[in-house]
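Chain letters run A, B, ... following the sequence lines, proteins first and then strands; every chain starts at 1. Note: hydrogens, waters and symmetry copies are ignored here, and every other heavy atom, side chains too, is used.
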Number of protein chains: 2
Amino acid sequence: MTTMVKVAQLAGVSISTVSYVLNGTRHVSDETRQRVLKAIEETSYRQDALARAMRRSRTDSIGLIVSDGGEPAFAEMIRGVEETAASQGITLLLANSAEDPKREARAVEALLGRRVDGLILARAAGSGPEALSEFANSNTPLVLMDRLSADPYDQVGVENREPTMELVEHLVAQGHERILLIAGDTRVATLQERHDAFAEAMAAAGIAPSDQLTVIAFEPAETDAGIEAALSAAEPPTAVIACSTVLAAAALRRIQQRGLRMPEDIAFATFDGFAYADLFEPQLTTVRQPAFQVGATAAELLSKRIADKSGKPSVVRLAPTIEYRASTAPRPAT
Amino acid sequence: MTTMVKVAQLAGVSISTVSYVLNGTRHVSDETRQRVLKAIEETSYRQDALARAMRRSRTDSIGLIVSDGGEPAFAEMIRGVEETAASQGITLLLANSAEDPKREARAVEALLGRRVDGLILARAAGSGPEALSEFANSNTPLVLMDRLSADPYDQVGVENREPTMELVEHLVAQGHERILLIAGDTRVATLQERHDAFAEAMAAAGIAPSDQLTVIAFEPAETDAGIEAALSAAEPPTAVIACSTVLAAAALRRIQQRGLRMPEDIAFATFDGFAYADLFEPQLTTVRQPAFQVGATAAELLSKRIADKSGKPSVVRLAPTIEYRASTAPRPAT
DNA sequence: CTGAAAGCGCTTACAG
DNA sequence: CTGAAAGCGCTTACAG
């Protein structure tokens with residue numbers, strides 16, 4: 001590899017001058033600068049980011065740990081982070097915890113050891129408060145993404161209460177009373193919030209809560225069993241709300257198996273939704289979160305925090321859009 | 001930040017000893033080792049990967065540049081690379097070229113500057129041979145993923161010829177002769193290969209080639225126009241093969257708009273396919289590539305190459321699985 | 001069994 | 001306008 005020494009020799013200057021030319025951090029006479037530039041060209045010299053980082057104690061890189069890189073929403077967030085970071089010359093170090101708190105902890109260690117300037121974390125479902133303790137002492141900035149908490153960190157996620165209530169009102173207005181909520185793993189803050197807002201909206205509509213009509217489950221098998229039980233109950237739901245893409249897929253499979261038509265036999269709405277959703281038949285009413293924007297905002301919050309570590313953490317909630325589609329069209333009068 | 005110096009002082013040893021304990025690279029007496037370990041614990045010391053990398057000239061990190069992080073197949077490949085790397089203690093540096101050769105070139109520079117031990121590259125559609133010239137001189141190993149080339153690098157992608165031919169035979173056996181191939185951007189090697197295999201299979205079946213029945217397009221708008229023209233021709237196709245997920249989506253939209261039923265009015269098959277494909281109605285015949293495995297293999301090839309830079313490059317082709325579904329069921333006799 | 005010291009490739013006060 | 005030198009935090013021959 002070519003180093004500054006070779007460039008300096010070729011240009012007949014000191015390595016300091018090469019450095020100053022490279023970074024524009026000191027005035028260098030035009031003639032000298034040209035010689036240096038030419039030498040850089042000829043040797044096809046490339047700055048060593050490692051050595052530079054070490055000296056400056058700043059790596060111009062950030063870490064991102066997601067809990068499930070496979071989910072479309074997260075894939076979008078990753079893109080949002082990557083794009084925003086790249087536009088500022090920041091490299092992204094990516095890790096996937098796969099919802100495993102141990103892998104999450106290891107990823108945090110690995111990234112911190114690589115001295116990222118900051119970290120964005122979408123926490124694993126079962127991850128306890130220990131995961132964050134690492135950051136309490138360290139002065140590496142942390143931004144929580146998607147899955148928020150009460151801890152004093154910069155955070156970005158989506159609004160959950162309003163859209164959930166609006167969705168419930170929409171269904172109630174159509175005459176639905178037995179609405180099945182597939183809440184999933186309520187240890188995830190997002191899902192807990194949607195669950196709570198659902199309960200609140202139902203109460204506001206004067207509909208008595210029913211345990212049979214809420215599926216809380218930590219594992220796919222439990223989810224399936226819960227949905228199956230609800231659908232085969234004596235008084236089955238007339239509408240379903242799924243709180244995430246995975247949960248929606250589980251529900252749609254059961255609905256298809258039973259040959260239920262949407263919305264005639266059962267109305268259906270989901271959070272997050274599917275890629276290429278316009279191809280679904282019928283098209284699904286979806287609370288779509290601005291996932292790319294969530295990622296982009298996380299990267300921006302982190303940049304700001306890296307630039308200025310003082311000041312109170314800010315919590316940003318982005319508003320989802322509710323796309324009303326055929327799957328919750330008003331039922332024909334019976 | 002705690003450094004080795006603090007640990008050494010606390011343990012009453014030299015920093016060399018701390019280093020040897022940390023890395024297990026030299027025998028250290030039990031008693032000394034315990035003292036060092038205790039000091040590490042007490043100071044919550046964490047090794048600085050940067051300084052370590054600089055000394056060892058090895059970063060234990062690899063770079064990955066994908067051309068479209070949004071496509072499901074690439075998202076899966078990213079996961080495959082990440083998981084395999086993580087299991088070996090390797091950190092992943094991720095960049096997205098978004099099919100832009102300039103962004104690709106910048107990403108290569110950025111990652112090389114960060115001294116990744118090796119690079120995995122899924123090239124942008126329009127990326128010329130210059131992109132690779134960087135590696136000809138450099139001795140940073142490169143693995144080409146998904147989009148292969150004739151250049152002498154380790155590569156991993158999928159088999160295209162066999163499944164394409166099998167798919168065509170399947171359709172021809174059902175009586176289809178006017179089969180529309182949506183090939184897309186044939187500058188992408190994968191798509192060119194599928195295109196060529198299609199032509200070969202049609203010739204083998206004794207069906208004359210037709211320009212009207214092949215859509216080659218570099219832009220979404222062109223693709224749409226090409227599909228539209230083909231479907232509204234005097235003699236429209238009775239079957240469609242889409243060579244990627246994006247192309248399939250474009251075709252399915254047109255098919256739905258025209259109210260064509262699958263497979264009664266038109267048979268349909270696609271490469272790569274959709275996430276949650278079991279929810280589509282009808283379910284789509286799909287040549288599904290083992291995308292996760294492609295990523296994992298890329299990471300493994302890279303590991304091997306990093307460990308041993310001599311030896312001929314290996315080209316791995318993974319076999320896709322053809323999932324025959326309702327969208328190409330035999331047409332009822334007319 | 002352990003330590004003192006060189007050096008990885010840079011940046012940046014200090015000095016002229 | 002430019003250079004000599006210290007130092008970022010490690011690893012690893014060299015020496016005892």
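Residues B:Arg56 and A:Arg55 each lie close to DNA chain C; by heavy-atom proximity, the contact nearer the 5' end of the strand is made by B:Arg56. Map B:Arg46 and B:Tyr20 each onto its nearest nucleotide of DNA chain D; the residue landing nearer the 5' end is B:Arg46. Heavy-atom nearest nucleotides on DNA chain C were determined for B:Asp30 and for A:Val5, and the one closer to the 5' end corresponds to B:Asp30.
Backbone-only contact: A:Arg115 has heavy atoms under 4.0 Å from sugar-phosphate atoms and none from a base. Using a 4.0 Å heavy-atom cutoff across all strands shown, A:Ser57 reaches no nucleic acid atom at all. Within 4.0 Å of B:Ser29, counting heavy atoms only, lie sugar-phosphate atoms of the nucleic acid but no base atom. A:Ile15 comes within 4.0 angstrom of a nucleotide base, judged by non-hydrogen atoms across all strands. B:Ser19 comes within 4.0 angstrom of a nucleotide base, judged by non-hydrogen atoms across all strands. If you check every strand for non-hydrogen atoms under 4.0 Å, A:Val28 touches sugar and phosphate atoms only.
Checked for salt-bridge contact, A:Glu41 and A:Lys38 miss the test: no charged N lies under 4.0 Å from a carboxylate O. B:Glu76 and B:Arg79 are joined by a salt bridge, as a carboxylate oxygen and a charged side-chain nitrogen come within less than 4.0 angstrom of each other. Using a 4.0 Å cut-off between charged side-chain N and carboxylate O, B:Glu99 and B:Arg187 make no salt bridge. Checked for salt-bridge contact, B:Lys304 and B:Glu300 miss the test: no charged N lies under 4.0 Å from a carboxylate O.
In this structure, the side chain of B:Arg115 does not engage the main chain of A:Ala49 through any donor-acceptor pair within 3.5 Å. Side chain of B:Arg317 to main chain of B:Gly157: no donor-acceptor pair is present (N/O by atom type, distance under 3.5 Å, no hydrogens or angles).
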Check your understanding: Once Watson-Crick and G-U wobble pairs under 3.5 Å are found, how is DNA chain D written in dot-bracket notation, 5' to 3', with | for any base paired to another strand?
Key -> |||.||||||||.|||

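B:Arg114 and A:Ser61 share no donor-acceptor pair across their side chains, judged by distance under 3.5 Å alone.
Counted within 6.0 Å of NZ on B:Lys309, heavy atoms from surrounding residues, nucleotides or ligands total more than 12; the atom is thus considered enclosed.
For B:Thr43 against B:Thr2, the heavy-atom pair with the smallest separation is O-OG1, 3.1 Å.
On the nucleic acid side, DNA chain C has its first and last nucleotide under 4.0 Å of a heavy atom of chain B at C:dC1 to C:dG9, going 5' to 3'.
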